[in-house]
Amino acid sequence: MFNRAEVVDQNFTEFVTKKIFPDETVHITPASIGLSNENFIDLFESQMMSRHLDFRSRILKQDNQSYYTIGSSGHEGNAVLGKAFRYTDMAFLHYRSCALLMQRSKQLPESTPLYDTLLSFVASKEDPISSGRHKVLGSKALFVPPQTSTIASHLPKAVGAAFSIGKDADFQKEMPDDSVVICNFGDASFNHSTAQGAINTAEWIAYRKIPCPVVFICEDNGIGISVSTPPKWVEERMKSVPAIKYIQCDGLNLADAYRGAQEAAEYARRTQMPVFLHMRTVRLLGHAGSDIETLYNPMARIESSEFQDPLLHSARIAIENEIMTDQDVLNMYESLRSRIQHIAEKVIVKPKLESAEEVMEDIIPPKQPILPPPLLEEDRKKLFGKNYDRIPKKKRNMSQLLNIALNDILLQYKNTVIFGEDVAKKGGVYHVTTSILENFGAKRIFNTLLDEQAILGTAIGMAHNGFLPIPEIQFLAYLHNAEDQIRGEAATLSFFSGGRFSNPMVIRIASYAYQRGFGGHFHNDNSIAVLRDIPGLIIASPSNGADAVKMLRACIEKAQFEKRVIAFLEPIALYMTKDLHEAGDEAWASHYPALEEKIDLDEIGVFGDGDDLTIITYSNGYFLSRQAEKVLKEEHGIHIKIIDLRWILPLPVNALINEVKHSKRVLIVEECRETGSLSEQLITTLVEHLDHLPKIKRYSGHDSFIPLGKAWEYVLPSKDGIIKHVLEMVKK
């Protein structure tokens, strides 16, 4: 056991024996708040369970049988949250929440929290939450999704989950309608922009009198690793925030902590409004087992914190109020030590993950073989009214076709919701969601505040409650404000929960450039590298309206029935495009595809069968290549084949290789930047999979941001540039 852990352990036994206790922090007793002796002992036991798990994790680490020693010591007062809130109140937890989980587990008598937690400590694949992938606190039965080392990233989805509770729905939600959502974090994480954004979002929702029963619990121990929090910083920031109820309690005093937790639970459940519960704690044993606290904290301060041990405070309360004798306290303490040691000896021999296949098994959630609900023509007639007969007759641009598709999707899938900036009455910047508000009302499509972290966090939280979110990110460049909500939260959930939890969604993103450089790098962006390396994510990138509709249908099915997280990249410059070669030809417009038509992940688009050269491309690159193809054929007698990849992740390798295996020359037309673009992966794929390599070149965007006006022509591929590259390759 690490040195300070031994000191804290020995101090507890010695101080209880000698009845040396810290002074009262608040003048409150269990009886004065209606906390029975039985319930007090129950909470005290959960505190001890958490403490001995911390001790055991350090012993296991010393023996190279455990790998992660960040613990809950000093925060054991959060056990009251496991009693004051129902186990069906979804909980997004901080990593110092072991006592909370121990107590919450007692609401389900069949739970085995000590055994389960120790399985997680030793990274056993029998761990019933992460299957050996991380030391996490979580439980499917207890409505606790797993979190790893959270730095406030879980707050936005807690707000989203709370917001979803009050939403009317024509389907069975995961949580009861009178639920609340709890989310705890530290005083250092409170300062993170993600935390501030989430708190602001909850305040914004509540200020508009919209239900959002989230309870933020800031467990304030006064320090973040080595950086101290200014005294009263959190209190002064939060006690006068409009629309959020501020409650303070002392986590060192079980009775006062329980009072605060009860008040927070009652208020949030009764009013359906947000609460900020500010709980005083201390941090014991450093930030983690690897933290040498004496490097930045004087020993006097460390020892002062150790004397404020919440277990010592609980022992004092128990003995002074004749709830337990000192011997009762010590007996329970030592009994739990022996019990946890015994369990640890059993779990260390449990099997571990032993292959890449086992590790990666749950990156993609398990499939559910369920047929899509029917989409009845009589319902569509009612929805589209006088426009119903016109739908199959008229060719339309991508924006218009996506609009019809989204109406059909909301009609077919009752759990779908659309939200984002300006999507409701305005219909989106590019009119893709025009009239959907009139057709389905504010419970199915609504505007959010201008905060991409809030948008994606809302999507994750709503997905936890059974909704299928279709959030819109207004521009690809805006995604960078919130990319970790996809990378660190949405896409990791199935992996860290062994497929037990999922947060499916289809994220619509207005993407790429070729829009006269409008807005520069704050709007137009031609880099999708941040998405391409996220395990389990699907990236769809249609080039035309008909494909966009059929791919969107496939994406919705994969989100609904395979619980996938999908980024749907819609090319801004092609939203309104109807013509391909000349004004009025409508060669890029399409009729609305038949309802049964969709394009699946392994299907690519192929135009032409010329054997002089094959172009591999996607999105705007496909549009430009089609323009170039006509010139090459009519003016130069060169016949080419053009492959539209459609899917960026996973790359449709088999279909691609099948189409290029006989090609003599391959030109990759890549609208994204040369560095970090898909073209690099495409060349590698061809080299690895083709027996006989063709001549390969790529024509990509420069490593530049997007400039305004016609200056984009100097840094992005063009029709003329494609023609030039093809001529050079064929002539050589």
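Taken to the nearest 0.5 Å, the CG atom of Leu410 stands 6.0 Å off from the CD1 atom of Ile470. Note: Leu411 CG to Arg444 CZ = 8.5 Å, rounded to the nearest 0.5 Å. A distance of 10.5 Å separates OG1 of Thr416 from CE of Met462, quoted to the nearest 0.5 Å. How far NZ of Lys394 is from CG of Asp389: 14.5 Å, rounded to the nearest 0.5 Å. We find the CG-CD1 distance between Asp609 and Ile642 to be 11.5 Å, quoted to the nearest 0.5 Å. Atoms CZ and CD, on Arg380 and Gln412 in that order, are 10.0 Å from each other to the nearest 0.5 Å.
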**Request:** Kindly determine whether Ile538 and Leu601 satisfy side chain to side chain contact (heavy atoms under 4.5 Å, CB included), including the steps that lead there.
**Result:** CA-CA 9 Å; Ile538 293 174; Leu601 287 181; 3.8 Å; yes
**Message:** Evaluate Tyr514 against Leu716 for side chain to side chain contact (heavy atoms under 4.5 Å, CB included), listing each step before the verdict.
**Reply:** CA-CA 8 Å; Tyr514 292 103; Leu716 292 172; 3.7 Å; yes
**Message:** Could you go through Leu682 and Leu645, starting from their C-alpha distance and side-chain angles, then the distance that decides it, and tell me whether this counts as side chain to side chain contact (heavy atoms under 4.5 Å, CB included)?
**Reply:** CA-CA 10 Å; Leu682 287 169; Leu645 291 170; 4.0 Å; yes
**Prompt:** side chain to side chain contact (heavy atoms under 4.5 Å, CB included) between Val660 and Ile643: does it pass, once the steps are laid out?
**Reply:** CA-CA 9 Å; Val660 300; Ile643 296 173; 3.5 Å; yes
**Request:** List the steps and the verdict of side-chain hydrogen bond (donor to acceptor under 3.5 Å, both in side chains) for Asp703 and Thr675.
**Result:** CA-CA 7 Å; Asp703 288 345; Thr675 302; 2.5 Å; yes
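Between Phe561 and Tyr413, the ring planes lie tilted relative to each other; the angle falls in the 30° to 60° range.
Formation of a donor-acceptor pair under 3.5 Å by the Asp585 side chain with backbone atoms of Glu582 is found in this model. Side chain of Arg665 to backbone of Asp612: a donor-acceptor contact under 3.5 angstrom is found. Side chain of Asp362 to main chain of Pro365: no donor-acceptor pair is present (N/O by atom type, distance under 3.5 Å, no hydrogens or angles). In this structure a side-chain-to-backbone donor-acceptor pair under 3.5 Å is missing from Ser704 to His702. Put simply, the side chain of Lys157 never gets that close to the backbone of Glu489: no donor and acceptor are under 3.5 Å apart. Side-chain atoms of Arg564 never come within 3.5 Å of backbone atoms of Cys555 as a donor-acceptor pair (strictly under, hydrogens ignored). Here the side chain of Ser543 pairs no donor or acceptor atom with the backbone of Ser619 at under 3.5 angstrom. Checking side-chain atoms of Asp547 against main-chain N and O of Pro542 turns up no donor-acceptor pair under 3.5 Å. Between the side chain of Arg508 and the main chain of Pro471, no donor-acceptor pair closer than 3.5 Å is present. No donor-acceptor distance shorter than 3.5 angstrom exists from the side chain of Glu483 to the backbone of Val530, with no hydrogens or angles considered.
Enclosure of atom CG in Asp533 by more than 12 non-hydrogen atoms of other residues, nucleotides or ligands within 6.0 angstrom is indicated. Residue Lys425 places its NZ atom among 12 or fewer non-hydrogen atoms of other residues, nucleotides or ligands, all under 6.0 Å distant. Surrounding CE of Met360 are at most 12 heavy atoms belonging to other residues, nucleotides or ligands under 6.0 Å away. Within 6.0 Å of NZ on Lys598 lie no more than 12 heavy atoms contributed by other residues, nucleotides or ligands. Within a 6.0 Å radius of NZ in Lys724, no more than 12 heavy atoms belonging to other residues, nucleotides or ligands are found. Counting heavy atoms of neighbouring residues, nucleotides and ligands inside a 6.0 Å radius, atom NZ of Lys414 exceeds 12 of them. Within a 6.0 Å sphere centred on NZ of Lys633, other residues, nucleotides and ligands contribute 12 heavy atoms or fewer. Counting heavy-atom neighbours within 6.0 Å of Glu586 CD, excluding the residue itself, gives a total above 12.
The shortest distance between side-chain heavy atoms of Leu613 and Ile638 does not fall below 4.5 Å. Here the side chains of Phe384 and Ser435 are not in contact, with every heavy-atom distance at 4.5 Å or above. Here the side chains of Leu574 and Tyr512 are not in contact, with every heavy-atom distance at 4.5 Å or above. In this structure, Glu472 and Ile418 have side chains that are not in contact, with every pair of non-hydrogen atoms separated by 4.5 Å or more. At least one side-chain heavy atom of Leu727 sits under 4.5 Å from a side-chain heavy atom of Ile723. At least one side-chain heavy atom of Thr434 sits less than 4.5 Å from a side-chain heavy atom of His431. You'll find the side chain of Glu452 reaches within 4.5 Å of the side chain of Glu421, heavy atoms only. Thr617 has its side chain out of reach of Asp644: every pair of non-hydrogen atoms, C-beta onward, lies at least 4.5 Å apart.
Scanning all heavy atoms of the two residues, the minimum distance from Pro156 to Ala152 falls at CD-O, 3.6 Å. The shortest heavy-atom contact between Arg396 and Leu401 is O-CD1, 3.6 Å. Considering all non-hydrogen atoms of both residues, Ser679 and Glu670 come closest at N-OE1, 2.9 Å. Between Ala529 and Gly676, the shortest heavy-atom contact is CB-O, 3.7 Å. Residues Ser663 and Val666 come closest through the heavy atom pair CB-CG2, 4.1 Å.
Between Lys381 and Glu377, no side-chain nitrogen of the basic residue sits less than 4.0 Å from a carboxylate oxygen of the acidic one, so the salt-bridge criterion is not met. Using a cutoff of 4.0 Å between basic side-chain nitrogens and carboxylate oxygens, Arg673 and Asp525 are scored as salt-bridged. Ion pairing between a basic and an acidic side chain is recognised when a charged N comes within 4.0 Å of a carboxylate O; Glu597 and Lys550 show such pairing. A salt bridge links Glu562 with Lys558: the distance from a Lys NZ or Arg NE/NH1/NH2 to an Asp or Glu carboxylate oxygen falls below 4.0 Å. Arg487 has a carboxylate O that lies under 4.0 Å from a charged side-chain N of Asp484, or vice versa, which qualifies the two as a salt bridge.
Taking the six-membered ring for Trp and the full ring otherwise, the centers of Phe163 and Phe446 sit less than 6.0 Å from each other.
Side-chain contact annotation: Asn526 with Glu671, donor-acceptor N/O pair under 3.5 Å absent. Side-chain atoms of Asp422 and Gln474 form a donor-acceptor pair, as typed in the model, at a separation below 3.5 Å. Side chain to side chain, Glu728 and His725 fail the donor-acceptor criterion of an N or O pair below 3.5 Å.
Each ring-ring contact (aromatic ring centres under 6.0 Å, His included) pair with one or both residues in residues 584-606, not counting sequence neighbours, appears once here: Trp588-Tyr622, Trp588-Phe623.
Figure legend: Arg626 and Phe607 shown as a cation-pi pair, the cationic atom lying under 6.0 angstrom from the six-membered ring centre and within 45 degrees of its axis.
Put simply, the residue from Asn407, Leu402, Leu406 that forms a side-chain contact (heavy atoms from CB on, under 4.5 Å) with Thr433 is Leu406.
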